[in-house]
Amino acid sequence: MAILERNNKILLDLARQPGNNKCADCGAPEPDWASYTLGVFVCLSCAGIHRHLPSVSKVKSIRLDLWDDPLVQFMQERGNSAAKAIFEKCVPVFFYRPQHKDCTVLREQWIRAKYERREFTGENNYLQQVYASGRFEVTLWKKGKVNKQFLRRIFLLSQKDLTLRYFIKEDSKVPKAVIGMNDLNAVFQPEKVGHAHGLQISYLHDKRIRNLFVYHDDGQVIVSLFNALRATRLSYLKKKHPTFRENDLIPQLTRHCLKEGYMEKTGPTLREPFKKRWFTLCSMNRKLLYFKNPLDATELGTVFIGMESYGYSVSERSCSRSTKGGQWHCGITLETPGRQFVFMCEQEQEQREWLEAFRKVISQTMTPEDYATLRRKQS
């Protein structure tokens, strides 16, 4: 028993060392599990995924399970940094590396790509051609704009002409839509879409944001599409900004929203009844979008949020229980040069999260594109 306790202590000390002190797969701090066949320290969530790969990975808790001397020695010889040099040797620059807050399908396919398919070791580079060849064709389930049902649609992504097209039928000659890469974004939304592989694709159409909600039953296929979109976006941005370094363009390939959820909103005179709306705040383009419902294809309106020096601010608002037409009473006031916006949150926690998100955007330095948007707003 003393030897076993000693081995657990050795492993715990190893897990505190730089490189090992974060999950090898998602970066979560303080991992307390390990794959004793791969030699990596992982978090509980990623350990659960490793359990589905018994042919390549076997995991144990470094706190609770018994470890024999040979396994401990292997962990001492390997570790996260050494494993990364092997299994992440040739990761394409555009390939999305999931974080611990990302959805399961992204983390699972990243883990399978690294250890099961060995896509990034240099020995199976042909596997990367699926998302790096410049052309990607796939049939997805897409939510209808009017009837709300998910129907099969054919999507064709071309890096040559920097477009994503989708067709209603396999023999269709004319696409239903041709989407450019300039304003395209893709983000996984499993809870919103109602499917573990749900993906939201957004783009600008007639000066309004258009959302497509899609999924594929095969996790590898939908994640390959996601990375193919990132590769195509990178090609577009390199043409748009030829002097920029690749590393400066990577954060722009796809972006998460900073905050998303329901709030109540009143009109421009502040005397109109409050109506419940779904809001999405993106820090990358400094825009607050609002929709009637989370799965709406088109936004009802957009609010650009500049810096404080240009007249933008946010504050908590005290509200009485008699707020006209509203059910919620945790208020927020957003000041812009053009008008004042008043929002209501259901809970104080939601109010605090929205205030923090707004303040984060307002405090960010504006980009040349932001200044161009601001000038258009002022003209």
Side-chain angles (χ1 to χ4, degrees), residues 7-54 56-65 67 71-72 74-89 91-120 187-191 196-199 219-220 222-223 226-227 230 247 250-251 253-260 283 349 353 356-357 360:
N7 284 347
N8 288 110
K9 186 178 184 303
I10 292 173
L11 291 167
L12 288 169
D13 289 339
L14 281 174
R16 296 188 186 101
Q17 294 181 3
N20 295 336
N21 60 351
K22 293 183 179 180
C23 175
D25 298 322
C26 74
E30 301 179 0
D32 53 7
W33 286 74
S35 168
Y36 58 88
T37 54
L38 298 171
V40 294
F41 293 89
V42 295
C43 67
L44 174 62
S45 182
C46 289
I49 297 173
H50 277 254
R51 287 189 182 278
H52 294 290
L53 312 176
V56 295
S57 181
K58 298 185 185 299
V59 294
K60 284 187 176 186
S61 168
I62 62 176
R63 295 180 182 275
L64 305 176
D65 290 329
W67 286 75
L71 297 183
V72 174
F74 178 69
M75 295 302 300
Q76 289 175 313
E77 294 170 352
R78 184 64 70 88
N80 289 3
S81 296
K84 183 176 182 179
I86 298 171
F87 296 109
E88 299 181 30
K89 180 182 177 181
V91 181
V93 65
F94 60 81
F95 199 96
Y96 185 76
R97 297 169 180 259
Q99 302 300 305
H100 63 281
K101 291 184 178 180
D102 281 311
C103 62
T104 301
V105 68
L106 271 173
R107 291 184 291 109
E108 178 184 359
Q109 290 305 316
W110 169 240
I111 289 169
R112 287 187 180 276
K114 285 203 297 182
Y115 308 124
E116 187 178 56
R117 298 193 292 270
R118 300 175 69 92
E119 288 183 23
F120 314 123
V187 61
F188 278 91
Q189 294 275 19
E191 292 184 5
H197 306 158
L199 185 69
Q220 183 179 352
I222 198 70
V223 173
F226 178 67
N227 282 299
R230 287 174 59 85
N247 287 342
I250 298 305
L253 300 187
T254 53
R255 54 191 182 272
H256 294 282
C257 63
L258 183 60
K259 174 68 178 167
E260 195 170 37
S283 60
Q349 178 64 28
E353 291 176 2
E356 182 182 350
K360 182 175 181 179

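Counting begins at 1 with the first residue of the sequence.
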* Asked: Strictly under 6.0 Å, is that where the ring centroids of W110 and Y115 end up?
  -> no

* Report yes if the side chains of R51 and V59 come closer than 4.5 Å at any heavy-atom pair, otherwise no. => yes

* Asked: Is there a side-chain contact between R117 and R112 (heavy atoms, below 4.5 Å)?
  -> yes

* Sole candidate of V223, V91, I250, N227 that passes side chain to side chain contact (heavy atoms under 4.5 Å, CB included) when paired with Y96 -> N227

* Asked: Is the number of heavy atoms from other residues, nucleotides or ligands within 6.0 Å of CZ (R97) greater than 12?
  -> yes

* With side chains defined as the heavy atoms from C-beta onward, is the minimum distance between F226 and V187 less than 4.5 Å? -> no

* Asked: Are any non-hydrogen side-chain atoms of E119 and K114 less than 4.5 angstrom apart?
  -> no

* To do: Quick one: closest heavy-atom pair of A34 and I62, and the distance?
  => CB-CG2, 3.9 Å

* Of all heavy-atom pairs between H50 and L38, which one has the smallest distance, and what is that distance? -> CE1-CD1, 3.8 Å

* Structure fact -> In this structure, NZ of K9 is separated from CG of N7 (nearest 0.5 Å) by 11.5 Å

* Keeping the roles fixed (side chain from D102, backbone from Q99), state whether a donor-acceptor pair exists under 3.5 Å. => yes

* Within 45° cone of W67 ring axis and under 6.0 Å: K60 NZ or CZ -> yes

* Asked: Short question: side chain of T37, backbone of V56 - any donor-acceptor pair under 3.5 Å?
  -> yes

* **P92 side chain reached by F120 side chain, heavy atoms, under 4.5 Å** => yes

* **Heavy-atom pair of closest approach, residues A196 and V105** => O-CG1, 3.8 Å

* Asked: Roughly how far, to the nearest 0.5 Å, is SG of C26 from NZ of K101?
  -> 11.5 Å

* Asked: Quick one: does D25's side chain have a donor or acceptor within less than 3.5 Å of a partner on I111's backbone?
  -> no

* Give the minimum heavy-atom separation between K259 and E353, together with the two atoms involved. => NZ-OE1, 2.6 Å

* Do you know the tightest heavy-atom contact between G19 and S81? -> CA-OG, 3.9 Å

* Sub-3.5 Å donor-acceptor pair from the side chain of D65 to the main-chain atoms of S61, do we have one? -> yes

* **Interatomic spacing from CG in N8 to CG in L64 - rounded to 0.5 Å** => 8.5 Å

* Answer with yes or no after comparing the ring centroid distance for H197 and F188 against a 6.0 Å cut-off, counting only values under it. => no

* Asked: With side chains defined as the heavy atoms from C-beta onward, is the minimum distance between S45 and R107 less than 4.5 Å?
  -> yes

* Would the number of heavy atoms belonging to other residues, nucleotides or ligands and lying under 6.0 Å from CD of E356 be above 12? -> no

* **Side-chain (R230) to main-chain (F94) donor-acceptor, under 3.5 angstrom** => yes

* For atom CD of E30, decide whether the heavy atoms of other residues, nucleotides or ligands shown that lie under 6.0 angstrom number more than 12. => no

* Asked: Between C46 and C23, is any pair of side-chain heavy atoms under 4.5 Å apart?
  -> yes

* To do: Answer whether the closest heavy-atom distance between the side chains of N21 and Q17 falls below 4.5 Å.
  => no

* Between atom OG of S283 and atom NZ of K360, what is the distance when rounded to the nearest 0.5 Å? -> 6.0 Å

* To do: Over all heavy atoms of both residues, which pair between P31 and A15 is shortest? Give the atoms and the distance, please.
  => O-CB, 4.0 Å

* **Reported CD1-to-CG distance for the pair I49 and L53, which is rounded to 0.5 angstrom** => 8.5 Å

* Heavy-atom donor-acceptor pair, N80 side chain to K22 backbone, under 3.5 Å -> yes

